[in-house]
Amino acid sequence: MGTTSQEIREVRVYERASDKSDKLRLLARLPVEGLEETFVRSPGLKYNEAGQRKLQPGNRLPLTALTVIPGTAPTTGIWFLVHGRAGQNPYGKVVVYTAEGRPILENLLDWTSPAGQLPKWENLLAAAYTWATPNGKSPFTATEQQLVVYHNQIYEPDLRVYRVAQPQNPTRPLELRQVTLNEAVDMPAAYRRAIELAGAGLWSPALQEFQRARQELGGRNLALSVEEQYGLMAAHARITSERAQQPQTDSGIRILLLLIDGQWSTALKQLRDTPAIAGKVAAALQRYPYFVQPRVNAAVKVNQTEEATVWGAILELYRDGYRAAREGLAKRQQETSERLAILQELDVLPLATRVTALFGEVSPWNGNLEVWDLPSGSLPPGETWYEVEVMALQTAAEWETEPIAELGRRSPRAVWRGLGLDANGALAATTVDADGFARGALLQARSLQVDGAGRVRVLATGNRDLLESDGPLAAYSNILAFNTASERVGSFSLPEPLRRQMADALYRELQLLGDVSLSRESFAEQFQRWNLSQTDANGDGRPDWLLEIDRLKVDVGDRPYPAIAVFDGTGTLLYSDLRPENQTTRRWVTLLAGNRALVREGDRYRIQPVLP
């Protein structure tokens, strides 16, 4: 022990000097020192690069306990552990004492266990061999014990198995030889596939390939080292297959365990049969991609497994989005229409951006229907195809006029659902005539395109008469986003002083254009029959009022309609486009939710603040 701590610095073996004496005679001694922290902690940080980078070489962790190795030890030698613990991670040395010939005390193995378990003696190879090949004769006796060090992490089994063997160095009485996956020579292709699959953690498929190799070899006896590999694969396959069969409350973890066991088809069928679990599956894959990606790569490389290829794309889908998954398939020359259809089918997570309405401009479509991402169906009699270029999307109370990047990452079908077109594909198409009155019709959304930037186009069908419109056509979904943009109030319900202030201000505005045919009182009486929309036009957080004026309300001759007048909460006129100097190419169309205005400039529509 250390002089100021419980750290073990040396191990000694004594015996009684004689049967009648209490004195001890020193037989052997072995200086020991703690293990490098990098050696102890690195395996437990296999999937944590940030944690790996924090480890600094040169720091040794102390050995503080000496215990017998659990399990039935070999009859040769006295075996024990000198160990310590860093949190839940035990570590230490395997020490053996042998007295044949001259007494020898030596360290045979430094070990660490991120699984939190001490190494132990197990009849692992024989038991695994019997499990995998019930009718076969195991080359390992039922009495032989192997030393097993547990490197298991979360759902990843990792058993380090050591056999007690005679050393090549005659000065050493014993050694621990690890069972490895080093490839043997002069073996069939199925064996080589088994080794590669096992190296990626696909233990059950590796075992199947190994069994196929046995069949190809007929009755040929295998080298003991190869039989050890079979036992090692079987031990791991037993763990992954039994875990995959256990019921799980988390459906995402259930799918993950199937993938770890290489059950690609079963996992894919369960996901496709119950798409409601996609969120849980996505969460599991996003949290534990390192359990799946190497297995996918090996299955595709070794066996060209179709379902594993699909799962590789699904992994990208839930990590980086549909477009990245599609581009990954194309880059690997694996893109097929069937695989893309599955990805679209499984891209069912809701959009993070909640869209409540879309607005766009309409134009005839005479091109190839195959360029659209979703099946468009047939054209109804008397109708034609239209393209709607989406210019703005309503999210919460705001209108987004720039492309939404998230849409560019998702599949067309997911965007279709996110825009609400699966539930209601009806689009209102409208144009405004010279008198300020809207003329409209209905379109039916049929298909969609979305590019990598998130720009959306919709293919729709509608009556051919829409083509006869003089002005540009606008289309929008969810009509409630337009006519419930603000509270509409009859002027007569406003306080009389406020109503009078508004009417007088507007009357003065009309007088600037020339004589008014109505008296001030008659105009005020007519004003109170009109409806006003409440909005926050100047962005000060207080309500303002907006009046939309068509030719039936006020006829001021040859000018664009509708016109608008905006008043603040006191009835003061903030703006009107009745005045000649305000009559620009900006034509008012309607008020939208989120205190935005839909206006027309030339042959294009814009969404912008209410006040110019």
Does this structure show an ion pair linking [X] with [Y], if we count only N-O contacts that are shorter than 4.0 Å?
X: R163; Y: E144; result: yes
X: R177; Y: E175; result: no
X: E306; Y: R339; result: yes
X: R212; Y: E209; result: yes
X: K301; Y: E196; result: yes
X: R332; Y: E316; result: yes
X: R413; Y: D347; result: no
X: R60; Y: E7; result: no

Under 3.5 Å donor-acceptor, [X] side chain and [Y] backbone:
X: Y162; Y: L109; result: no
X: D110; Y: K93; result: no
X: R85; Y: Q88; result: yes

field: V32 vs N107 side-chain heavy atoms within contact, under 4.5 Å
entry: no

- request: Please examine the side chains of Y150 and K120, heavy atoms only from C-beta on, and report whether any two atoms are closer than 4.5 Å.
  value: yes

query: Do the side-chain N and O atoms of Y129 and E227 include a donor-acceptor pair separated by under 3.5 angstrom?
result: yes

task: On the 0 to 90° scale, with breaks at 30° and 60°, tag the F291-Y155 ring pair as parallel, tilted or perpendicular.
output: perpendicular

- request: Would you mind telling me which of L147, V94, L176 makes a side-chain contact (heavy atoms from CB on, under 4.5 Å) with W111?
  value: V94

- prompt: Are Q211 and Y230 close enough, and set up right, to give a side chain to side chain donor-acceptor pair (under 3.5 Å), and what steps lead you there?
  reply: CA-CA 9 Å; Q211 290 165 343; Y230 183 79; 3.2 Å; yes

